[in-house]
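One structure below.
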Amino acid sequence: MAVPTSFLSRAAAYAGRHLFRAGAFGAMATGAALGTTVACADATERSFIMLKPDAVQRGLVGEIIQRFEKRGYKLVGLKQVTPTLDMAKRHYHDLAARPFFPALTEFLSSGPVVAMVWEGEDVVKQGRAMIGATNPLASAPGTIRGDLAIVTGKNIIHGSDSVETAKAEIELWFDNKELNNYTANAATWIYEGK
Ligand code: IDP
Ligand code: MG
């Protein structure tokens, strides 16, 4: 009987997740047994999250940090910095051809931002979901932009859009020695099998 690929990948993802307690190797072995590629549950995944100058000016830093903390993610890097225009351009290099690029980069470098690295399982994708859509008016209530912002040009927060982008952004904004490797004792109560 033919089994739809979507079913197989869902089953593999489920198995991968639930075998996390047996370790990442178990998840990979399950993927191999099902003949599919399974993204291993990885509690060390990291995302670059930046609170833009509007978030700092509006006093939203604590509120936003609290959402990531409460979700169970681990803060491994944090600093306040006023980015140079060059830094803003490097950060948004993929948008260089867009008409709003000059305004965007001038805005980002107009005052202090809070740059952070958050760690935990699926943090890149979940971080984006917690942030909401680029246009706050299209962001669901309950998301950061949906609750705290109204226009795209003042949407208060940046979050990496892929694991690869996250690695590049973390490297751009942080020295390795500014990142902290430590055991969060709360992990026992957040993850299974830890
Ligand atoms: P994202 O922040 O949701 O990942 P991107 O498309 O990567 O959205 O755009 C980066 C930032 O550029 C947005 O957060 C927003 O501040 C700004 N931006 C994106 N599109 C527009 C636009 O059409 N007009 C003005 N600013 C924009
Ligand atoms: Mg983006």
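Values below: every heavy atom of this structure, side chains too, minus hydrogens, waters and symmetry copies. Position 1 is the first residue of the sequence; numbering continues from there. Remember, it's 1-based here, ligands and their atoms both numbered in the order they're listed.
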Checklist entry - Should side-chain heavy atoms under 4.5 Å link Ile, Leu, Val, Met, Phe, Trp and Tyr, which residues sit in the same cluster as Leu137? => result Ile150, Val151

Checklist entry - With sequence neighbours left out, which residue pairs that include part of residues 107-119 fulfil the side-chain hydrogen bond (donor to acceptor under 3.5 Å, both in side chains) condition? => result Arg46-Glu119, Lys74-Glu119

Checklist entry - Which residues pass the ring pair (Phe, Tyr, Trp, His ring centres under 6.0 Å) test with Tyr73, sequence neighbours left out? => result none

Item to check | Salt-bridge contact Lys52-Asp54 (side-chain N to carboxylate O under 4.0 Å) | outcome: no

Checklist entry - Between Met87 and Trp173, is any pair of side-chain heavy atoms under 4.5 Å apart? => result yes

Checklist outcome for this item: Note: Val56 and Pro112 closest approach over all heavy atoms is CG2-O, 3.3 Å

Item to check | Under 4.0 Å from ligand 1 - residues by heavy atom, chain and number | outcome: Lys52, Tyr92, Leu95, Phe100, Leu104, Arg128, Thr134, Arg145, Thr152, Asn155

